[in-house]
Amino acid sequence: MSILLIQNLLQLAAISLALGACARIPVPRPRLYRLLFIMIVVDFIVEVAGSITTYFDRNNTAMYNFAFTTQFLVVLLMIRAEKPGWTRRLAMLAAVGLGAMGANLWVNGSLSFLLTEGMLVIGVMLSVALLALLWDLANTSDTPLQHVPEFWLNMGLLVYFGGMAPMVGLLRFIYMADPQLANRLWNILPMLAITCYLLIFQACRLRGRYGYELNHG
């Protein structure tokens, strides 16, 4: 069994754990977790499709470009669900991020390549927004952070976007200098995704317990 296949299976397992935990949150679910559920479902479908197309040696870069852009917008909506007062700033981030992806597409001239520079811009912006959200949570929460579901959720997203931004953004330049190093760095991305979804699983598990006690306490 190849390392790539093992990584894909572990990533799908982590996504499935998060999806199951999110689905068990009692209804009515907060808007944040409804958006999270959509994001997890999309990611699961994309990873399954990505594994299949990779197995048949088909170019799936366009799919990942669209999926990343969708993920970016959903995460912004999730942040807005936690902080409605940040709407204007988040709208500006959305405009800058979409503009960066559009400019990258214009330079590339095709969706057959990863829009790495646009992803770098989005990754950095989301990292800053998530750090601000965590800082605000640390300063306003009356509950120890380890018991706050949103702490684990935002930490998971920060691990993913904060870790992937420099690697994806510099991937084109690293590949030109050392293709083998670029391939090894690319293998780190599934591990970031696995860590992210394990933290999201913990967030949903805590939220499910909290929701149950709220509805049945």
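Summarising the geometry of Asn65 relative to Leu115, their closest heavy-atom pair is OD1-N, 3.0 Å, with the distance given to 0.1 Å. The shortest heavy-atom contact between Ala165 and Leu120 is O-CD1, 3.1 Å. Across every non-hydrogen atom of Ile200 and Leu157, the tightest pair is CD1-CD2, 4.4 Å. Across every non-hydrogen atom of Leu17 and Phe201, the tightest pair is O-CD1, 3.4 Å. Contact detail for Met125 and Leu93: the closest heavy-atom pair is CE-O, 3.4 Å. Considering every non-hydrogen atom in both Leu36 and Cys204, the closest pair reads CD2-SG, 3.6 Å.
Between Glu150 and Ser141 there is no side-chain heavy-atom pair separated by less than 4.5 Å. The shortest distance between side-chain heavy atoms of Leu158 and Leu133 does not fall below 4.5 Å. Within the 4.5 Å cutoff, no side-chain heavy atoms of Arg58 are placed close to those of Ile52. In this structure, Phe151 and Leu206 have side chains that are not in contact, with every pair of non-hydrogen atoms separated by 4.5 Å or more. Between Asp136 and Glu82, every side-chain heavy-atom pair lies at or beyond the 4.5 Å cut-off.
Thr53 contributes a side-chain N or O that, together with a main-chain N or O of Gly50, makes up a donor-acceptor pair within less than 3.5 Å. For Gln7 (side chain) and Asn187 (main-chain N/O), a donor-acceptor pair under 3.5 Å exists by modelled atom type. At least one donor-acceptor pair closer than 3.5 Å links the side chain of Asn139 to the backbone N or O of Trp135. Put simply, the side chain of Arg29 gets close to the backbone of Ala23: a donor and an acceptor are under 3.5 Å apart.
Residue Gln180 qualifies as open at atom CD: its count of foreign heavy atoms under 6.0 Å is 12 or below. Remark: Tyr64 OH is packed, more than 12 non-hydrogen atoms of other residues, nucleotides or ligands lying under 6.0 Å away.
In this structure Glu117 satisfies the salt bridge (charged side-chain N to carboxylate O under 4.0 Å, His left out) test together with Arg172, sequence neighbours excluded. Every residue two or more places apart in sequence or in another chain was checked for a side chain to side chain donor-acceptor pair (under 3.5 Å) with Thr140, and none qualifies. Contacts of Asn59 classified as side chain to side chain donor-acceptor pair (under 3.5 Å), with partners at least two apart in sequence or in another chain: Thr61. Among residues two or more places apart in sequence or in another chain, the side chain to side chain donor-acceptor pair (under 3.5 Å) test is passed with Arg80 by Thr87. Residues forming a side-chain contact (heavy atoms from CB on, under 4.5 Å) with Thr195 (at least two apart in sequence, or on another chain): Val159, Leu199.
Once rounded to the nearest 0.5 Å, the distance linking CG of Leu198 with CD of Gln202 reads 10.0 Å. Taking CG of Leu192 as the reference point, atom CE of Met167 lies at 4.5 Å (rounded to 0.5 Å). Within the model, atoms CZ of Arg24 and CG of Leu19 stand 9.5 Å from one another, a figure rounded to the nearest 0.5 Å. Separating the CZ atom in Phe37 from the CD1 atom in Ile25 is a distance of 10.0 Å, to the nearest 0.5 Å. The line from OG1 of Thr70 to CZ of Phe72 is 11.0 Å long, rounded to the nearest 0.5 Å. Atoms SG and OH, from Cys22 and Tyr33 in turn, are 8.5 Å apart once rounded to the nearest 0.5 Å.
There is a path of hydrophobic side-chain contacts, each under 4.5 Å, that joins Leu189 to Leu126. Following chains of ILVMFWY side-chain contacts shorter than 4.5 Å, one cannot reach Met164 starting from Phe113, and the two form parts of different hydrophobic clusters. Cluster annotation: Val128 is not connected to Val168 through the hydrophobic network of ILVMFWY side chains, with a link wherever side-chain heavy atoms come within less than 4.5 Å. Hydrophobic cluster membership differs between Val124 and Met92, with clusters built from Ile, Leu, Val, Met, Phe, Trp and Tyr side chains linked at under 4.5 angstrom.
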Item to complete: Evaluate side-chain contact (heavy atoms from CB on, under 4.5 Å) for Tyr197 paired with Asp43, printing each intermediate quantity in order.
Response: CA-CA 10 Å; Tyr197 273 105; Asp43 283 355; 2.2 Å; yes

Practice prompt. Would you please test Val121 and Met101 for side-chain contact (heavy atoms from CB on, under 4.5 Å) and show each step?
Written response: CA-CA 9 Å; Val121 172; Met101 294 294 278; over 6 Å; no

Fill in: Trp152/Arg207 under side-chain contact (heavy atoms from CB on, under 4.5 Å): CA gap, chis, key distance, verdict
CA-CA 10 Å; Trp152 296 102; Arg207 180 65 207 187; over 6 Å; no

Worksheet entry | Evaluation steps, side-chain contact (heavy atoms from CB on, under 4.5 Å), between Val46 and Phe66 | CA-CA 10 Å; Val46 168; Phe66 281 118; over 6 Å; no

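Cluster partners of Trp106, by chain and number: Val107. The rule joins Ile, Leu, Val, Met, Phe, Trp and Tyr whenever side-chain heavy atoms lie under 4.5 Å apart.
A side-chain N or O of Asn60 and one of Thr54 form a donor-acceptor pair less than 3.5 Å apart.
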